[in-house]
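First up is the structure itself, then whatever we jot down about it.
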Amino acid sequence: MSDFNESAPAPRQGGIAARAMAARGTSAPDYLSGLNPEQRAAVETTEGPVLVLAGAGTGKTRVLTTRIAHILATGRAYPSQILAVTFTNKAAREMKTRIGMLVGGQVEGMPWLGTFHSIGVKILRRHAELVGLKPNFTILDTDDQIRLIKQLIQAENLDDKRWPARTFATMLDGWKNKGLAPKDIPEGDARAFAGKGRHLYAAYQARLMTLNACDFGDLLMHPIALLKANPDVLAEYHRRFRYILVDEYQDTNVAQYMWLRLLAQQPKSGRDETARPPVLRQAQDEGTMSRPSAAAGASSQIAERSSTELPHPELVEGRGSAASTINICCVGDDDQSIYGWRGAEVDNILRFDKDFPGATVIRLERNYRSTGHILGAASHLIAHNEDRLGKTLFTDRADPEDPKVEVNAGWDSEEEARAIGEAIEDLQRRENHDLNDMAILVRASFQMRSFEDRFVTMGLNYRVIGGPRFYERMEIRDALAYFRCVCQPADDLAFERIVNTPKRGLGDATVRLLHDYARERQIPIIAAAGEMVETEELKPKPRNTLRGVVADFRRWSELLPTMKHTELAEQILDESGYTEMWQNDRSAEAPGRLENLKELIRSMEEYESLPSFLEHVALVMDAEQNADTDAVSIMTLHSAKGLEFQTVFLPGWEEGLFPHQRALDEGGRSGLEEERRLAYVGITRAKRRAKIWFVSNRRIHGLWQSTIPSRFLDELPEAHVEVMEANTSYGGYGASGFGGYGASRWDGGNAFKESSYKTPGWKRAQAAQAGFAETPPRRGGDGWSGGRTREITYDAEPGSRGSGGGNGFAGRMNDGPAPGRGHNQPPKKGFGLYSSARKGGPREIQGELVAKSVADGENRFSKGDRVFHLKFGNGTVASIDGNKLTVDFDKAGQKRVLEGFVEAV
DNA sequence: CCTTGCGTACTTTTT
DNA sequence: GTACGCAAGG
C-alpha cells in the first residue's frame, strides 16, 4: 500500500534513476551504441503506441531493456512509473538483470516489472476489499482448483466420471482467459455439464469467496472488474503508469488485452471490451504525480513538472504524437504465437494498429542468431501462413561453410534416437561441440522417451527441460499444505490435502463428517476439527487421531511467531510424520523426494517468514536447472521458445505428429498455421545447424503405425536444405526405407551422404504422401488411436509432389494389419538387433524388446530359477506367464516383472 | 481403511 | 504400452 503515496520521490542517491542519469552521455549515450537503426527507433520512439515486431533472434529483449534504460536515463519517468509485463517469471527476472546491467547495479525501484499475474496480485492485494476479498487471500493452484471443482460437481449430484473436474477446469480457464464472468459466458457453454455450466461457474466463484481465495484466472479477472467499477482507482493507476511495456505480445489473451487497455487508458474503440468512463484528468487532482491529459500534450507536461519532481526539462522531446498519451510499447512476433490453445489471441498483435490508432510499427528483421540457410528455410516455411503481418529475417553473415538444414529419414523412433545420438557424439568428437549447446526439440513429450532410453545406454549426458516443476511435485505440495494450514487456519483445501498424509486412518468418511460440520456452521475445517474432537460424533479411533493432529497444528501455530521459520518448517515435517513416511518408502523416487524437501527448506532461507515464503511460492517458484554439467537438452518445441542452440535436432516430422493430428482436427487451418509457427520456432532456435528427422514407423498408444513425412518438409526451400541419405552403424537400417523398402544406400560407406529432393528415398516419401493425400479425410475419429497399420502402396507417380500442404488433412494410415508383422510388434527390419540382445549382457532397454518379441514357449527361465533385477535385487522365479515372470525377491517381496528386466544368476 | 485390479485415455503449459 | 484413477475386495 505504501508506495502509492510516495509515488514520485526524488531520485535517491545511488538509486537507479540517478545512476541512469549519471551514466547518460552528452551525445548518444552508451547504451544506444551498437543498436541498428530499427532497434534504435524502437528504443527512442518513447511516446505514443508502438508495436515492435521482433522476429526470432533480432534482439527483442535488448530493445525492451534498452528502452526502459532510455526512459529512465532521459528522465522521462521514474522506475516506479513504468509498467513492464512479461508472461513468465523467467522473462521478468532476465529483464531485471539486464536493465540492471545497462543502468549499473541492481534494479531497485522497478516495482512494476513482473508477470501479468504477479502485477495482478499486487493490484488486487491493495484493493481486495473492492471485489469482496480480504487482502491476505490465498492463491489456488491447479491442483487445489481441481479438487474444489470435484467437490462442487459431486454436490450437484453429477457423475464425476462423465463430467470430469479436469474438463470443467479447462472450460473455466477458457472463460477467464476471455474475461467472461458467469453471466457473460455463451449459452452453449452455460448448458455444458448437464446444463449446469453457468451454475457451476457461479458456485465455484462463490466458494472461492468463502475460502478467501483466487485462482490464476482471477488474478486477471478481479483487477479488471475492480478497475472498471472504480474509476478513482483506475485513475490512480493512470497517473502512475507513464510508460507501459509488454513482452511477447502475441501471447496475450483477451483478458490480458482488456487489462492492458484499461491501464493504457485507450479510449473507446470499435473493439471495446473495456468500456470505461473518460478519466483523463489533470494532475492537480492528486498527489504530486503529474500526468498530462490527452489534450494537454507535451508542453503542459513540461510546464507542470517542478524541478524537484523530475529534474530533466527535456522530458518530452519531439517524437510521438503529441495528441496521445498512450505510451504503450508492445513487443512480439506473430510468427511465434504458439499458445493459441491456451487462450492467446494472435489477433491482438495482428490488429494492434487498429486498437491503438496512430501506432508506430517497427519491424526488427535483422537476425543476429542464425546462418542464412537456417533463416532461409524458416522464412520460406512460415511464408505458407496466411495470417501474419509479414516479416523477412535476414542476415549479412554469409559463410560458404555454413551447413544447410538437414532432412534425415529413419526407419522407426528407435533408429531415430540412435542416429541422433550418434550425430551428437560425432559433433562432440569432431568439433568439440559442447553438449550444452545442442538440443533435441520434440513436438510431444512422449517422444522424449526413446531419446532418454538411448542416451542412458550410450552413457550420453542429457537433461530434460520442462516436466513437472518443482512446486508441482507431490511432496512439495504436501509440505506446503502443512505450512499453509499453520499460517492460514482457514485454508480448507490445504487441510483436506494432508489430514491423511501420511496415512493415519482419517479417510473419506471422517473428512466428509468434518466437511459437513464445517459447512453447517460456516467455519473452516480446521476449526471444525477442533470442535468435533470434543463431541461424540466421530468414532473413537479417528477422534483420537484427529485430536492429535489438531493439537499439532495448534502447537505449530503458536511457535510461528517466535521460532525461526526454517526450523519450524523442519519440525512440522518431522513431527507430522511426513518425513518419516518417505524415509520408509522403498520406491525409487523416495530419496529424491526427501532431497526435494530439503531443497524446499533451503530455499526458504531467502524469505523472512513462513507466510512471506508462501506468498511467493504460489506465483514465483520454479526449479532452476543446473547448467554446470555438459548435457544435451531434450525439451518440447513449446518450451524451447526464447532459447537458442548451436545445433538443434528436430525429430518426428511426420504427419499426425507434426503437424499434430489433434491440432488439425480441432483447429482447422488456424490450427495448422500454429503448428507451422511451431516448426518455425524450432528451426529458428538453431544458430548454425538444424537437423530434421522423420521416420516411417512410430509407436503411438502402444501400436506401431506407419507414418508419412510431414507436409512441412515440402515447404522447405530446396536451396537451403540437404536431404540426407543415411545409414547408421547398424548397417541393416537404411534410413531411407519407407514402409518396407530396403535401405537404398546402406552400403554407402561412412556417415551421411548428400542427397536432394530427387533421390529415390525422397521420391518414395512423396509417393507415399501423394497416395495418402487422396484418401478421404475421416472426421470425428480420435486421430491415432484405434487403428492398425496399413500397407502403404507406392503406385503413385514417383516424384509427384503430393498435394501436400494444401488439403488440411493428414492421410490416415490405419486400416489393416501390416503384412508380415503382427500389429503389436515392433517393426522388424534388418537383422540381429533384437536377437543380439538376448545373450551377453543385454541392457535393460533392449531387454524390454526381447521380452516383447520372444514367442511364447521360448522362455529363458523356468520356475525356481534364481534371477537378478536392477531395481529389486535377487529373487526366485515363482511362476511364468508368457514373458512376464512372478518373482519372489529376497528384499522387495513378490513382484511381477518382464522377463527382459531380469538376468539369470 | 487400505490394497489390488481393471478400464480409460493419451499434445502443447504458464501463472 | 503405460500411467492414472476409480471401483470392488480384504
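Numbers restart at 1 for each chain; the letters A, B, ... are given by sequence-line order, proteins then strands. As the structure is a computational prediction, the values presented were derived from the model and not from experiment.
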Base, sugar-phosphate alone, or nothing: which one does A/Ser639 contact when heavy atoms must sit under 4.0 Å apart? sugar-phosphate
Would you indicate which nucleotide in B/dC2, B/dT15, C/dC6 comes nearest to any side-chain atom of A/Lys503? B/dC2
Do A/Arg342 side-chain and B/dT12 base share a donor-acceptor contact under 3.5 Å? no
What's the closest nucleotide to the side chain of A/Ala509 if the choices are B/dT15, B/dT12, B/dC1? B/dC1
B/dC10, B/dT15, B/dT13: which one has an atom nearest the side-chain heavy atoms of A/His638? B/dT13
Measure the distance from CZ on A/Arg677 to P on B/dT12 and round it to the nearest whole Å. 18 Å
For A/Gln250 and B/dT14, what is the distance between atoms CD and C1' respectively, to the nearest whole Å? 14 Å
Taking only residues two or more places apart in sequence, or in another chain, which ones meet A/His222 in a ring-ring contact (aromatic ring centres under 6.0 Å, His included)? none
Between A/Asp478 and A/Thr501, is any side-chain donor less than 3.5 angstrom from a side-chain acceptor? no
Base, sugar-phosphate alone, or nothing: which one does A/Thr510 contact when heavy atoms must sit under 4.0 Å apart? sugar-phosphate
Nearest-nucleotide wise, let me know which of A/Leu506 and A/Phe116 is further upstream toward the 5' end of DNA chain B. A/Leu506
Here the distance between atom C1' of C/dG1 and atom CD of A/Glu414, to the nearest Å, is 12 Å
When you measure from the side chain of A/Tyr339, which nucleotide among B/dT12, B/dC2, B/dT13 comes out closest? B/dT13
Checking B/dT13, C/dT2, B/dT15 against the side chain of A/Arg449 (C-beta onward), the nearest is C/dT2
Distance in angstrom units between A/Ile146 CD1 and B/dT13 C1', rounded: 13 Å
Roughly, in whole Å, what's the span from CZ in A/Phe658 to P in B/dT12? 13 Å
Just N and O in the side chain of A/Asn89: are any of them under 4.0 Å from OP1 or OP2 of B/dT15? yes
Which comes earlier along DNA chain B counting from the 5' end, the contact point of A/Ser445 or that of A/Lys161, where each point is its nearest nucleotide? A/Lys161
Between CZ of A/Arg699 and P of C/dT2 the distance, given in whole Å, is 7 Å
Between A/Thr115 and B/dT14, is there a side-chain N or O to OP1/OP2 distance below 4.0 Å? no
Would you classify A/Asn500 as touching base, sugar-phosphate or nothing, given that sugar-phosphate means primed atoms plus P, OP1 and OP2, and contacts are heavy atoms under 4.0 Å? sugar-phosphate
Using a heavy-atom cut-off of 4.0 Å across all strands, would you classify A/Gln145 as base, sugar-phosphate, or nothing? nothing
To the nearest Å, how far apart are A/Arg676 CZ and B/dT12 C1'? 18 Å
Is A/His660 stacked against the base of B/dT12, taking the criterion as centroid distance under 5.5 angstrom and interplanar angle under 30°? no
Can you tell me the distance, in whole Å, between the CG atom of A/Asp144 and the P atom of B/dT15? 17 Å
Which is true for A/Lys150 with a 4.0 Å heavy-atom rule: it touches a base, it touches only sugar-phosphate, or it touches nothing? sugar-phosphate
A/Arg342 charged N/C atom sitting above A/Tyr339 aromatic ring, 6.0 Å / 45°: yes
Between A/Arg676 and A/Phe712, is NZ or CZ placed under 6.0 angstrom from the six-membered ring centre and within 45° of the ring axis? no
Tell me whether A/Asp334 is salt-bridged to A/Arg677, with the criterion being a basic N under 4.0 Å from an acidic carboxylate O. no
With respect to the side chain of A/Thr88, which nucleotide from C/dT2, B/dT15, B/dT13 is positioned closest? B/dT15
Qualifying residues under ring-ring contact (aromatic ring centres under 6.0 Å, His included), relative to A/Phe168, sequence neighbours excluded: A/Trp175, A/Phe193
